Structures are given as structure tokens and as C-alpha cells.
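Just so it is clear, the structure is predicted and the values come from calculations on it, not from any experiment.
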Amino acid sequence: EDRVITIDPRQSREERELTFVHEVLHACLGATLDEAEERLVARLEAPLHALLVSGQIVAVPEEVP
């Protein structure tokens, strides 16, 4: 089955990039879409996006309870 990520072209470039990173993380994790996965993806999306855009590793934020 094909998996397709659809991104709203009306979003800003940064929002589109973050959405793409977010959805790719879900795909890498198996896309169970449970609450634990969503928290992990939300925690990793901004640092991974920053790495991809700037080439600099940034700290992963502490997990929010």
C-alpha cells in the first residue's frame, strides 16, 4: 500500500518543512499514532528540522510530563 504525505501548500516554508519532518518521523517509528509516539515525534521534530536546515546539532528538549 502506498503511503503519501500531503502538505498544505498554504503553510509557510518552515511549517511545511516541520510537517514533513513530523510525518517522516511517524513513518520511521511505524506510524502507530498512539499517544507515546506522538509525544516522541513532537519532541524530536524541531531539533531534527534544525539539524537538516542548519547542519548543526541542537539539544533535544527534556520530555514534558
With sequence neighbours left out, the residues meeting side chain to side chain contact (heavy atoms under 4.5 Å, CB included) with Arg10 are Asp8
Across all chains, not counting sequence neighbours, the salt bridge (Lys or Arg N to Asp or Glu O under 4.0 Å) partners of Glu38 are none
In this structure, CD1 of Ile7 is separated from CD of Glu17 (nearest 0.5 Å) by 9.5 Å
Separation between CG (Leu44) and CG (Leu29), nearest 0.5 Å, reads 8.0 Å
By side chain to side chain contact (heavy atoms under 4.5 Å, CB included), Ala27 pairs with (sequence neighbours left out) none
Applying side chain to side chain contact (heavy atoms under 4.5 Å, CB included) to Ser12 and not counting sequence neighbours gives Glu14, Glu15
With sequence neighbours left out, the residues meeting side chain to side chain contact (heavy atoms under 4.5 Å, CB included) with Glu23 are Ile5, Thr19, His26
Residues joined to Val4 in its hydrophobic cluster, side chain to side chain under 4.5 Å directly or through other members, sorted by chain and number, are none
**Prompt:** Any chain of hydrophobic side-chain contacts (each under 4.5 Å) joining Val41 to Leu18?
**Reply:** no
Do Leu25 and Val53 share a hydrophobic cluster (ILVMFWY, side-chain heavy atoms under 4.5 Å, transitive)?
no
